[in-house]
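Reading through the structure tokens given below for one structure.
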2 protein chains.
Amino acid sequence: MADDQARRPRGPRGNYAKTAARRQAIIDAATEVFGESGYRAGSMREIADRCGLSEAGLLHHFPTKAVLLENVLSLGGELDAHIRDHPPESGILLLRGMVALARRNVAVPGRMEMITTLIAEAQRPDHPAHQYFRDRLRMIADHFGIAFARIAADGLLRDDLTAEQAARIAMSAMLGLERLATAEWADFDHADELRRTFGLLLKSGTLPD
Amino acid sequence: MADDQARRPRGPRGNYAKTAARRQAIIDAATEVFGESGYRAGSMREIADRCGLSEAGLLHHFPTKAVLLENVLSLGGELDAHIRDHPPESGILLLRGMVALARRNVAVPGRMEMITTLIAEAQRPDHPAHQYFRDRLRMIADHFGIAFARIAADGLLRDDLTAEQAARIAMSAMLGLERLATAEWADFDHADELRRTFGLLLKSGTLPD
DNA sequence: GTCTATATAGCGATAGAC
DNA sequence: GTCTATCGCTATATAGAC
């Protein structure tokens with residue numbers, strides 16, 4: 001595998017594919033470990049062990065622990081980017097997008113646990129992921145705010161709620177389900193439950209699937 | 001402690017008040033530190049420093065870090081005991097009790113942060129507080145289950161929801177608001193927002209205050 | 001690119017003086 | 001009841017051999 005790559009006259013030199021695969025394996029292991037133990041308590045040794053690597057070998061790919069965390073989070077950012085880069089044309093569509101996002105997040109093994117664990121830990125201003133989660137929460141809040149402002153303008157919101165109240169309730173539901181999802185006995189369909197909650201906020205009583 | 005008890009026939013001897021005050025100061029500091037850094041990352045040194053005590057001096061009052069955590073949590077248990085020991089006669093009253101509990105929890109400075117932080121950390125089965133938070137979540141789930149079963153039986157539940165669905169939504173709302181409460185820009189009345197959410201689940205649309 | 005060996009630092013906890 | 005001093009452990013990160 002390495003020899004094929006080395007013989008090519010142009011393009012990347014070393015065996016990049018192998019390195020990329022190794023990096024991905026490290027990121028996957030780090031997601032697991034950070035999810036189980038958090039950032040600070042999760043050790044580089046544990047991550048290295050799960051990749052069949054020594055600690056120093058791991059540090060060759062990611063020079064510090066904080067850099068590794070950044071890479072783990074930016075992977076998650078690709079999911080979040082879906083919200084950021086796709087401003088939907090209607091509030092209802094945005095709610096549906098949130099349900100879809102929740103569905104995808106639960107599907108990635110260990111991801112929910114990692115997010116829950118890191119969010120709590122990152123409350124500290126000096127935590128490497130503090131700013132990231134601050135921005136993420138703010139972004140989610142803004143999007144719900146926009147969604148319900150439009151829904152209210154379209155006359156689809158329940159009469160006894162303001163757009164701000166509805167946005168806060170919707171956001172609490174999403175955050176709460178994230179936490180409930182980590183309980184092993186909570187074996188219901190989280191995304192569907194979120195859809196049902198959103199429906200309660202509308203005049204019609206349901207959010208179309 | 002055993003020696004003191006053996007020697008004195010009745011009534012307290014030494015300056016017990018001073019010791020009790022010191023213990024309380026330690027618990028307050030530990031609540032802060034565990035809330036900011038979590039149990040594992042939060043150090044006994046940091047806690048000792050905030051009390052103006054040396055590390056060894058702190059360990060005189062609480063022999064190990066785990067024992068200190070137990071004492072910090074059992075303080076919170078006094079709040080939780082309110083739910084456990086006061087089975088209300090109606091589902092509506094139970095919901096009102098939950099709103100009141102939320103109101104009290106937010107009022108204790110640093111308590112919400114500590115709970116959020118420790119819950120995430122205690123996902124690991126080997127964490128000293130794992131069982132405690134497992135039981136706590138289970139207890140909350142059970143109480144919501146009972147509450148909405150009664151509400152449904154009384155014909156007060158929305159027609160398009162089952163009691164189980166309503167209980168899950170209510171619980172998610174409570175957990176989500178706990179997390180939202182730690183965001184510094186979320187300066188709304190969390191307990192009132194919870195009351196509003198509960199109202200959405202009822203046929204009447206509102207939960208009486 | 002991966003290893004062994006090591007530097008450096010912080011942790012919880014103990015021993016014993018005062 | 002509180003201190004200083006210290007032990008034993010684990011952590012991140014570096015240096016240099018292969």
Side-chain angles (χ1 to χ4, degrees), chain A residues 1-6 12-27 29-30 33-34 36-72 121 124 126-129, chain B residues 1-5 7-8 12-27 29-30 33-34 36-72 118 121 124 126-129:
Chain A
M1 193 199 295
D3 292 340
D4 309 9
Q5 303 264 351
R13 219 178 38 164
N15 43 356
Y16 278 48
K18 198 171 178 182
T19 293
R22 185 67 98 181
R23 282 176 63 95
Q24 188 55 51
I26 293 172
I27 287 178
V33 172
F34 289 157
E36 290 169 16
S37 309
Y39 171 72
R40 180 142 177 194
S43 76
M44 295 291 269
R45 183 178 297 275
E46 176 72 23
I47 296 169
D49 283 351
R50 296 199 191 185
C51 306
L53 224 69
S54 79
E55 209 179 333
L58 165 58
L59 284 166
H60 168 75
H61 294 279
F62 300 96
T64 69
K65 196 186 185 185
V67 168
L68 175 56
L69 176 64
E70 276 172 35
N71 279 269
V72 169
E121 193 182 20
R124 293 207 78 165
D126 57 337
H127 193 283
Chain B
M1 198 204 295
D3 291 339
D4 306 10
Q5 300 264 349
R7 216 175 296 169
R8 68 192 156 83
R13 208 185 41 166
N15 44 357
Y16 277 50
K18 199 171 175 181
T19 294
R22 182 69 98 181
R23 282 176 62 95
Q24 188 56 52
I26 292 171
I27 288 178
V33 171
F34 289 157
E36 291 169 15
S37 309
Y39 171 73
R40 181 146 175 194
S43 77
M44 295 292 270
R45 266 193 186 91
E46 177 72 23
I47 295 170
D49 283 352
R50 296 201 191 184
C51 306
L53 222 68
S54 78
E55 205 180 336
L58 164 58
L59 284 166
H60 168 76
H61 295 280
F62 302 96
T64 69
K65 195 186 185 185
V67 169
L68 176 55
L69 177 63
E70 277 173 33
N71 278 269
V72 168
L118 287 186
E121 192 181 20
R124 292 210 79 165
D126 59 337
H127 193 281

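Reminder, nothing fancy here: chain letters follow the sequence lines and each chain counts from 1. What you are looking at is a predicted structure, and each value in this text was computed from that prediction instead of being measured.
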Is the phosphate of [N], meaning OP1 or OP2, less than 4.0 Å from a side-chain N or O of [X]?
{"X": "A:Thr19", "N": "C:dG1", "result": "yes"}
{"X": "A:Ser54", "N": "C:dT2", "result": "no"}
{"X": "A:His60", "N": "C:dC3", "result": "no"}
{"X": "B:Ser43", "N": "C:dC11", "result": "yes"}
{"X": "B:Arg40", "N": "C:dC11", "result": "no"}

Spacing of [X] atom [atom1] relative to [N] atom [atom2], expressed in whole Å:
{"X": "A:Leu68", "N": "D:dA11", "atom1": "CG", "atom2": "C1'", "result": "15 Å"}
{"X": "B:Asp49", "N": "D:dC3", "atom1": "CG", "atom2": "C1'", "result": "14 Å"}
{"X": "B:Ile47", "N": "C:dG10", "atom1": "CD1", "atom2": "C1'", "result": "15 Å"}
{"X": "A:Lys65", "N": "D:dT14", "atom1": "NZ", "atom2": "P", "result": "15 Å"}
{"X": "B:His61", "N": "C:dG12", "atom1": "NE2", "atom2": "P", "result": "17 Å"}
{"X": "A:Leu59", "N": "D:dG16", "atom1": "CG", "atom2": "C1'", "result": "15 Å"}
{"X": "B:Tyr39", "N": "C:dC11", "atom1": "OH", "atom2": "C1'", "result": "12 Å"}
{"X": "B:Met44", "N": "C:dA13", "atom1": "CE", "atom2": "P", "result": "6 Å"}

May I ask you to check whether over 12 heavy atoms, not counting those of A:Arg50, lie within 6.0 Å of atom CZ? yes
Other residues, nucleotides, ligands: >12 heavy atoms within 6.0 Å of A:Arg45 CZ: no
Quick check on DNA chain C: between A:Leu58 and B:Gly42, whose nearest nucleotide comes earlier from the 5' end?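 Between the two, 5'-proximity favours A:Leu58.
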Nearest nucleotide by nearest heavy atom, which residue falls closer to the 5' end of DNA chain D, A:Arg45 or A:Pro63?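 This one resolves to A:Arg45.
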Please evaluate residues A:Phe34 and A:Lys65 with respect to the criterion side chain to side chain contact (heavy atoms under 4.5 Å, CB included), reporting the C-alpha separation (whole Å), side-chain torsions for both, the decisive distance (0.1 Å), and the verdict. CA-CA 11 Å; A:Phe34 289 157; A:Lys65 196 186 185 185; 4.2 Å; yes
Minimum-distance nucleotide (side-chain atoms of [X] versus [options]):
{"X": "B:Glu55", "options": "D:dA13, C:dA13, C:dT2", "answer": "C:dA13"}
{"X": "B:Ala56", "options": "D:dT14, C:dA13, D:dT4", "answer": "D:dT4"}
{"X": "B:Thr64", "options": "C:dA13, D:dT2, D:dA11", "answer": "C:dA13"}

Give me the atom names and distance for the closest heavy-atom approach of A:Ser54 to A:Ala48. O-CB, 3.6 Å
Do you know the tightest heavy-atom contact between A:His61 and A:Arg23? O-NH1, 3.4 Å
